[in-house]
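Worksheet: the structure to be examined is printed underneath.
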Amino acid sequence: MTDAQSFYGRWAAVYDRLASAPGVSSWRERTADALALSPGDTVVEMGCGTGANVPVLREHVGPAGRVIGVDVTREMLDRARERPARTGESVHYVRADAARPPVRDVDAVLATFVAGIFEDPAAAVDAWCDSVRPGGRVALLNFQRSPSALAAPLNVAFEGFVRLSASGTRLSRQSHASAFERRVAAARERLTDRTTERRYETMAGGFVGLLSGTIA
Ligand SMILES: C[S@@+](CC[C@H](N)C(=O)[O-])C[C@H]1O[C@@H](n2cnc3c(N)ncnc32)[C@H](O)[C@@H]1O
């Protein structure tokens with residue numbers, strides 16, 4: 001069992017409440033919009049957790065489409081499967097390592113609050129880009145420290161979030177926030193190298209960043 005699995009396995013219930021908090025859903029809607037999905041599309045969420053993105057993804061691909069959630073932690077997937085809005089004929093959950101995507105030639109991939117977890121985020125992003133057909137889109141949503149002075153309390157929350165989520169991982173032996181940010185930066189750089197028609201937007205006073213692009 002990896003550090004991430006044991007951490008998210010223990011905290012699945014708490015995580016699910018945070019992931020479904022009011023306000024977070026607008027970030028999820030903007031991420032789904034950035035994928036430019038059409039009815040009938042197949043979209044894969046890497047590190048889908050408790051399936052908080054699934055309802056909005058389902059809406060975008062419609063009943064003829066498919067939403068595939070990939071996660072390594074059984075307890076997180078169990079929570080997703082318990083929620084009627086996060087299940088259905090068009091929704092499939094796969095327990096697998098997202099660094100080795102179990103499906104290929106899909107229309108879009110997203111990873112929300114996930115890239116900073118991978119020890120080699122650039123390799124993970126490469127694998128995600130390889131799994132998307134030409135013309136499909138990939139989106140990464142991540143927390144980050146905000147440059148806005150008004151966001152100082154959120155930056156403290158960011159440090160707390162990283163400490164909590166890095167608990168038991170190698171990040172906890174480094175400067176938490178900066179190591180986490182280096183990983184997110186590496187993921188974004190690789191997505192930038194691999195895509196065209198990129199869009200970058202920030203939310204929550206700059207505390208959340210969304211980068212998306214099209215596979216050439
Ligand atoms: C912060 S949660 C994000 C969950 C979801 N994307 C969301 O927005 O609420 C990170 C998730 O990544 C999963 N994860 C971590 N490493 C993974 C890996 N190598 N492969 C698949 N999932 C992984 C964890 O189990 C956890 O569910």
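When a ligand or atom number is given, it counts from 1 through the structure's own listing order. Only a predicted model underlies this, so the values are computations on that prediction, with no experimental measurement involved.
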Side-chain donor-acceptor contacts of residues 66-76 below 3.5 Å, not counting sequence neighbours, with atom names and distances?
{"residue": "R66", "atom": "NE", "partner": "T42", "partner atom": "OG1", "Å": "3.4"}
{"residue": "D71", "atom": "OD1", "partner": "T73", "partner atom": "N", "Å": "2.9"}
{"residue": "D71", "atom": "OD2", "partner": "C48", "partner atom": "N", "Å": "3.3"}
{"residue": "D71", "atom": "OD2", "partner": "G49", "partner atom": "N", "Å": "2.7"}
{"residue": "R74", "atom": "NH1", "partner": "D78", "partner atom": "OD2", "Å": "3.4"}

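Take E197 and apply the side-chain contact (heavy atoms from CB on, under 4.5 Å) test, not counting sequence neighbours, and it matches R137, T214.
Between the side chains of T31 and N53, no donor-acceptor pair is found at a separation under 3.5 Å.
Below 30°, between 30° and 60°, or above 60°: for F113 and F143 the angle between ring planes is below 30°, a parallel geometry.
Residue T112 has at least one N or O atom closer than 3.5 Å to an N or O atom of ligand 1. Checked by distance only, ligand 1 and A98 come closer than 3.5 Å through their nitrogen or oxygen atoms. The N/O atoms of E45, backbone and side chain alike, include one that comes under 3.5 Å of an N/O atom in ligand 1. The shortest N/O to N/O separation between M46 and ligand 1 does not fall below 3.5 Å.
In A111, neither the side chain nor the backbone holds a heavy atom less than 4.0 Å from any atom of ligand 1. Of all the heavy atoms of Y8, the ones lying under 4.0 Å from any atom of ligand 1 belong exclusively to the side chain. Of the heavy atoms in A96, only backbone atoms (N, CA, C, O) come closer than 4.0 Å to ligand 1. Residue Q5 does not touch ligand 1, judged by heavy-atom distances below 4.0 Å. Both the backbone and the side chain of V72 come within 4.0 Å of ligand 1, judged by heavy-atom distances.
Of the possible donor and acceptor atoms, none in the side chain of R58 sits under 3.5 Å from a partner among the backbone N and O of V91.
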